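These numbers come from the heavy atoms of this one structure, side chains and all, not from hydrogens, waters or symmetry mates. Remember, it's a predicted structure, so these values are computed and weren't measured experimentally. Proteins get letters first, then strands, A, B, ... in listed order; numbering begins at 1 in each.
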There are 4 protein chains.
Amino acid sequence: MGETKPARTGRPRSEFCQQAILRAALDLLAEEGLAGFTIEAVSARSGVARTTIYRRWLTRGALAVDSFRHAVSAEFTLSPTASAVADLRTAYLGMIRLLQGQHGRILASILAEGHSDPTTIGAFTDGYLIPARVLPLHILHRGIKTGEFRADVDPQFVMELLFGAVYRRLLLRQPLDEAWGNAVFDLVLTGCTPQPQQASQTMAA
Amino acid sequence: MGETKPARTGRPRSEFCQQAILRAALDLLAEEGLAGFTIEAVSARSGVARTTIYRRWLTRGALAVDSFRHAVSAEFTLSPTASAVADLRTAYLGMIRLLQGQHGRILASILAEGHSDPTTIGAFTDGYLIPARVLPLHILHRGIKTGEFRADVDPQFVMELLFGAVYRRLLLRQPLDEAWGNAVFDLVLTGCTPQPQQASQTMAA
Amino acid sequence: MGETKPARTGRPRSEFCQQAILRAALDLLAEEGLAGFTIEAVSARSGVARTTIYRRWLTRGALAVDSFRHAVSAEFTLSPTASAVADLRTAYLGMIRLLQGQHGRILASILAEGHSDPTTIGAFTDGYLIPARVLPLHILHRGIKTGEFRADVDPQFVMELLFGAVYRRLLLRQPLDEAWGNAVFDLVLTGCTPQPQQASQTMAA
Amino acid sequence: MGETKPARTGRPRSEFCQQAILRAALDLLAEEGLAGFTIEAVSARSGVARTTIYRRWLTRGALAVDSFRHAVSAEFTLSPTASAVADLRTAYLGMIRLLQGQHGRILASILAEGHSDPTTIGAFTDGYLIPARVLPLHILHRGIKTGEFRADVDPQFVMELLFGAVYRRLLLRQPLDEAWGNAVFDLVLTGCTPQPQQASQTMAA
DNA sequence: CTTTAATCGAGACGGTACGTCTGGTCTTGTT
DNA sequence: AACAAGACCAGACGTACCGTCTCGATTAAAG
């Protein structure tokens with residue numbers, strides 16, 4: 001990888017600094033949101049010089065995304081069952097549970113920051129969204145094969161609906177709870193499962 | 001109204017300034033997003049003194065929300081037809097069409113700003129969301145009465161799903177197009193219309 | 001006078017306002033000096049509208065000078081004795097006593113303000129200094145006639161020395177006390193009274 | 001000195017900036033007095049960022065005093081003669097000559113600023129007045145020893161009278177000229193030199 | 001007994017400067 | 001090289017007053 005050998009010579013980067021910075025960034029994002037999430041503040045809180053942070057992250061957003069990944073990583077392990085629907089629901093509710101606390105606030109920060117800085121959403125998409133989707137997409141594809149889901153269902157599209165509702169609540173500072181998550185899941189699922197008669201045709205008429 | 005007599009005395013506020021400020025704010029939000037949306041910049045662009053802006057809006061977010069309302073107001077007129085479903089779809093697609101351009105960018109700005117400033121989402125909810133929902137909610141209630149929608153459908157919840165997907169795309173800078181809008185609408189609708197057999201029960205099993 | 005008929009018609013100016021403004025101005029100058037002496041503050045404290053103050057005084061300095069005059073006026077009555085020197089000393093010490101408190105602070109304000117605004121020192125000179133000097137100058141002239149003072153003494157110059165020392169102490173925030181005042185008076189007097197042999201000639205040699 | 005090692009680390013302060021700021025401050029004070037002497041203006045004129053100025057001087061007055069010192073420093077060299085009186089007169093007239101131009105205006109600015117800000121007069125006293133007095137006080141003490149001045153003369157007090165008159169003229173915007181300076185000096189001197197008979201006793205009587 | 005004309009309170013308005021905060025860059029010496 | 005420390009430029013923040021202006025509401029004397 002190009003990443004493995006960026007610096008062969010000179011003093012190596014301190015792993016200790018890395019941890020201190022990510023920790024401080026995470027705390028600040030959780031406590032005060034974007035407003036308090038300032039390179040200056042991260043530096044002060046972590047005890048690492050400002051220069052060091054700038055050297056490692058080009059933008060505030062990149063640091064935020066890395067902090068989020070650092071916090072969420074290794075949170076997920078899922079033991080698959082026979083039912084793809086059940087597995088998906090478990091994964092979805094797990095995510096909602098996670099986002100109820102600090103992590104939801106941080107995710108919202110990233111989305112907000114992304115509005116002014118395209119590279120942030122790039123980093124978020126590539127660094128988190130896509131990897132995180134591998135598992136649920138896999139479940140969906142499995143379900144399509146077993147017939148639990150309709151064949152014409154677009155897995156990406158399903159994810160979009162499921163999480164669109166979540167993002168909206170996060171940004172509007174409305175609470176996420178499991179009952180609500182189940183309701184969202186149920187409604188979306190209804191549109192994904194095989195049914196005797198297609199409803200949408202009638203409507204378009 | 002209680003609003004008509006807030007200040008009987010003193011020099012009245014200039015309506016000209018009001019327009020100039022809202023216009024400038026709108027343009028800046030559309031062109032540069034939150035980053036360029038600075039009171040200083042609004043002042044410079046509108047030719048109105050900074051103090052005058054501060055006098056009228058307590059926060060940047062409040063100004064953003066007002067700009068958005070000012071721009072969107074009187075965009076909507078809907079001639080109802082016999083079908084509640086068709087009316088709702090028309091309204092939804094109309095909104096999507098509107099948000100494809102500048103207005104989408106501005107709405108995203110408001111959501112982003114709202115992350116750091118709770119009053120902004122308050123202003124957005126009270127000043128825009130709730131009033132704007134009156135019409136679609138009315139359509140939904142009508143549809144429930146006529147049996148086009150299932151009786152146990154929560155209109156608020158339906159709106160949440162429909163627009164959650166939209167907000168998510170706006171924030172992730174993904175394009176809104178009508179085909180996509182129709183697909184969202186179809187899927188959500190499937191979960192709202194009467195069906196021979198309830199799907200979700202089977203699934204939860 | 002040109003002053004008696006500036007406005008024959010219309011609503012006459014309120015004497016009550018005049019008093020309230022001068023009072024408030026005086027208090028502010030005494031309490032906070034020039035820094036707190038703001039038209040806004042005078043307005044707030046006096047309860048009189050800002051416009052009204054601007055209508056009556058063209059500059060801040062003019063108001064300050066008027067306040068000082070208003071406060072000092074009618075403080076002085078002097079019953080002359082046989083000795084011009086004694087009368088002058090009495091007047092001088094009386095002035096020092098007066099300037100020990102608030103009035104000294106206010107006088108310093110006027111001098112300070114005058115630095116940035118020439119009209120203020122004009123107003124001070126014409127409105128206070130010159131009238132206030134009439135009495136001491138009269139005493140000095142009397143003393144010259146009686147031979148208590150040397151014939152070649154310039155009364156204005158004597159006043160300058162006596163009060164230069166006072167102004168200096170006021171501006172450098174050093175205390176004025178009567179012992180000091182007496183010392184100043186004695187030293188200056190030595191240079192004004194007839195003496196057997198002229199000292200200064202020897203010195204210049 | 002404790003001053004030599006206040007900050008060993010970090011980027012050292014730019015001497016170039018220091019000079020540019022002091023120069024600009026001096027020019028502004030001379031040209032427009034306190035009114036135009038604004039941190040903003042100093043920054044604009046010197047080309048140095050506002051923050052840099054704030055970092056180095058806590059108050060406007062402190063900067064003014066430093067500017068004055070910077071301008072006056074190394075103006076004075078005096079070659080002592082046999083006569084203490086002559087030396088003192090030379091020093092006094094030298095100072096008056098210096099204060100006739102820009103420097104007088106600047107000194108007045110400092111006194112004026114000092115009225116609202118005690119730290120300014122503190123800085124002025126400690127940073128300029130006291131050091132500048134060393135030489136004349138020395139002359140006076142010498143003169144007392146040699147009998148040119150009376151033994152009971154207080155040197156500080158003499159200086160006070162000499163310069164009180166100067167300050168007064170500066171603040172009242174009256175011109176300083178050498179003839180006047182000589183007259184002040186003569187009069188004050190008369191009170192300091194040995195005389196056949198004490199005048200003040202007669203007066204108090 | 002109306003005009004008439006100035007005063008008064010209230011507050012909007014365009015400015016200017018304040019002092020603070022953060023961003024990003026740079027220049028030191030130290031590790 | 002990386003790192004800590006901190007100077008530096010740039011620019012927006014929100015506040016405080018400035019002096020001017022527009023209102024409507026008083027208030028006396030003149031018509």
- Query: Tell me: CG of D:L34 to C1' of E:dA17, nearest whole Å?
  - Reply: 14 Å

- Are any of the side-chain nitrogens in A:E31 or A:R45 under 4.0 Å away from the carboxylate oxygens of its partner? yes

- Item | Atom pair distance, as rounded to whole Å: CD in B:Q18 and C1' in E:dC13 | 14 Å

- Task: Check the distance between F:dG14's P and B:R56's CZ and give it to me in whole angstrom.
- Result: 18 Å

- How about C:R56 and C:Q18: does a side-chain donor come under 3.5 Å of a side-chain acceptor? yes

- Item | Nearest-Å distance for atom pair CG/C1', residues C:D117 and F:dC18 | 14 Å

- Is any side-chain N or O of B:R13 closer than 4.0 Å to OP1 or OP2 of F:dT22? no

- Item | Comparing C:F37 and A:S14 on DNA chain F - which has the more 5′ nearest nucleotide | A:S14

- Message: Rounded to whole Å, please give me the gap between CD in C:E113 and P in F:dC17.
- Response: 15 Å

- Message: Treating primed atoms plus P, OP1 and OP2 as sugar-phosphate and everything else as base, which nucleotides of nucleotides 24-31 of chain E get B, S or - for protein heavy atoms under 4.0 Å?
- Response: BBBBB--B

- Nucleotide F:dG14, atom P - distance to CZ of B:R55 in whole Å: 15 Å

- Donor-acceptor contact below 3.5 Å, side chain D:R50 vs main chain D:S43: no

- Task: Rounded to the nearest angstrom, tell me the gap between atom CD in A:E40 and atom C1' in F:dA10.
- Result: 14 Å

- Anything under 30° is parallel, anything over 60° is perpendicular, the rest tilted; go ahead and classify C:Y128 against C:F68. perpendicular

- Backbone N/O of A:V48 and side chain of A:T52: donor-acceptor pair under 3.5 Å: no

- Item | Distance (rounded to the nearest 0.5 Å) between A:T120 OG1 and A:L111 CG | 10.5 Å

- Query: For C:F16 and F:dT26, what is the distance between atoms CZ and P respectively, to the nearest whole Å?
  - Reply: 18 Å

- Message: Does B:H70 form a side-chain contact (heavy atoms from CB on, under 4.5 Å) with B:L26? I'd like the steps, not just the answer.
- Response: CA-CA 9 Å; B:H70 185 253; B:L26 204 68; 5.6 Å; no

- Comparing nearest nucleotides in DNA chain E, the 5'-proximal residue of the pair B:V48, C:C17 is C:C17

